[in-house]
Amino acid sequence: MAEADVKVRGEIDPEKDFQLSIPAGRTNFHVKGMDNADWGMKDRLSRIFQPKSGRTLMLAFDHGYITGASTGLERLDILIPSLAEDIDVFMATRGALRTCVPPMFNKAVALRCTAGSTVLSGDVTDETIGVDIEDAIRMNASCMAVQTFMGTADEKTSLTNLVRTVDAGNRYGIPTLGVVAVGKQMARSPHFFSLTTRVIAELGAQIVKCYYCEDFEKVAAGCPVPIVVAGGKKLPEDQALTMAYRAISEGACGMDMGRNIFQAPDPKAMARAVAKIVHEEYTDKEAYEYYLDTKK
Ligand code: R5P
């Protein structure tokens, strides 16, 4: 320690500048509802949500854990490196990441942490926690994704998976992303999404994912943590961009898009066009023009 610093008596060195005109200790954290989170949690949230825009673009390619190789996801080892620079977060399983995605991209990871059923059984709602917290830490997960099936016979099981993951994540400063699943029995109504997003947030998840719906502004306003919107089934590119634009304009803090990116004729151009809406305030029309101009 320098000699000047060990003087404990007398006046403070007048040459030290404490910048008294600026209120001390203020942080304006950019992620909704997370002012009181711990430093490690905030650091991980800042890897997910860009501090400049406050938003995120997640690339979802976790479909294989239920469906096997979805159309467009046959070769993750080729596709994902080609899109890495255009998105903020890899949303994926540990198996896909470890086998197909080189770790040098330094992207945030939304780690799929539930498992238990596939399309072969005809019912995908029966899940359990599928990843130990130690392995999530080993994977350097920025958040852990848990599917919830509210309104089904498996509601209690999936909400138990959620709260156990939140507890484990809170022990180590890892946020939990609660996903609102929709299925045959579940209506995609504003009431359903308003209720389910709020339940997930109140159970402690730091991020919620759901689908876009009518009255989304009210859904987002009633959810005290950020909502990221899933892309859903493949739409024509202009319609997918309009959906993303409406979601962001009406309060979503990001998109978690899979099929509408990786099944597009030019996935890279599509990822970039969605990023323009998410981070650069492009309208849907501007983003679609950008897509047409840049697609190969
Ligand atoms: C659900 O959580 C899925 O596994 C996907 O992550 C989600 O549906 C987003 O992908 P897509 O935009 O294709 O719907």
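All values below were derived from every heavy atom in this structure, side-chain atoms included, with hydrogens, water molecules and symmetry-related copies excluded. Ligands are counted one by one from 1 in listed order, and the atoms in each one are counted from 1 as well.
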Peer 1: Identify the protein heavy atom lying closest to atom 1 (C) of ligand 1, giving its residue, its atom name and the separation to 0.1 Å.
Peer 2: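 Looking only at protein heavy atoms, the one closest to atom 1 (C) of ligand 1 is Arg112 NH2, 3.6 Å.
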
Peer 1: Could an N or O of ligand 1 be found under 3.5 Å from any N or O of Gly232, whether backbone or side chain?
Peer 2: yes

Peer 1: How are the rings of Tyr211 and Phe193 set to each other: parallel, tilted or perpendicular (split at 30° and 60°)?
Peer 2: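 If you compare the ring of Tyr211 with that of Phe193, the planes turn out tilted.
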
Peer 1: Give the numbers and elements of all ligand 1 atoms closer than 4.0 Å to a heavy atom of Gly231.
Peer 2: 12 (O)

Peer 1: Relative to the heavy atoms of Ala60, which atoms of ligand 1 are at a distance of less than 4.0 Å?
Peer 2: 6 (O), 9 (C), 10 (O)

Peer 1: Between Val109 and Phe105, is there a shared hydrophobic cluster once you connect ILVMFWY residues whose side-chain heavy atoms come closer than 4.5 Å?
Peer 2: yes

Peer 1: Would you tell me which option among Lys209, Met257, His63, Met91 has the nearest heavy-atom contact to atom 7 (C) of ligand 1?
Peer 2: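 The residue whose heavy atom sits nearest atom 7 (C) of ligand 1 is Lys209.
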
Peer 1: With heavy atoms of Asp62 as the reference, note each atom of ligand 1 found under 4.0 Å away.
Peer 2: 3 (C), 4 (O), 5 (C), 6 (O)

Peer 1: For Gly258 and ligand 1, does the shortest N/O to N/O distance drop below 3.5 Å?
Peer 2: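 There is such a contact, yes.
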
Peer 1: Using a strict 4.0 Å cut-off to heavy atoms of Arg259, name the atoms of ligand 1 that fall inside it.
Peer 2: 11 (P), 12 (O), 13 (O), 14 (O)

Peer 1: Of the backbone atoms (N, CA, C, O) and the side-chain heavy atoms from C-beta on, which set of Lys233 has a member under 4.0 Å from an atom of ligand 1: side chain, backbone, both, or neither?
Peer 2: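 Answer for Lys233: neither.
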
Peer 1: Side chains of Leu83 and Lys268, heavy atoms from C-beta outward: is any pair under 4.5 Å?
Peer 2: yes

Peer 1: Taking the side chain as every heavy atom from C-beta outward, state whether Thr118 and Val124 have any atom pair closer than 4.5 Å.
Peer 2: no

Peer 1: Can you name the atoms of ligand 1, numbered from 1 with element, that are less than 4.0 Å from a heavy atom of Asp256?
Peer 2: 9 (C), 12 (O)

Peer 1: For Phe90, does the six-membered ring have the charged nitrogen or CZ of Lys107 within the cation-pi criterion, i.e. under 6.0 angstrom from the centroid and within 45° of the normal?
Peer 2: no

Peer 1: Compute the minimum heavy-atom distance from Val179 to ligand 1 and say whether it is under 4.0 Å.
Peer 2: yes

Peer 1: Which label fits Tyr212 and Phe216: parallel for a plane angle under 30°, tilted from 30 to 60°, or perpendicular past 60°?
Peer 2: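 If you compare the ring of Tyr212 with that of Phe216, the planes turn out tilted.
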
Peer 1: In terms of residue, atom name and distance, what is the protein heavy atom nearest to atom 8 (O) of ligand 1?
Peer 2: Tyr211 OH, 3.7 Å

Peer 1: Hey, does Arg112 have a side-chain heavy atom less than 4.5 Å from the side chain of Arg94?
Peer 2: no

Peer 1: Are Phe149 and Glu155 packed together at the side-chain level, in the sense that at least one heavy-atom pair is separated by less than 4.5 angstrom?
Peer 2: no

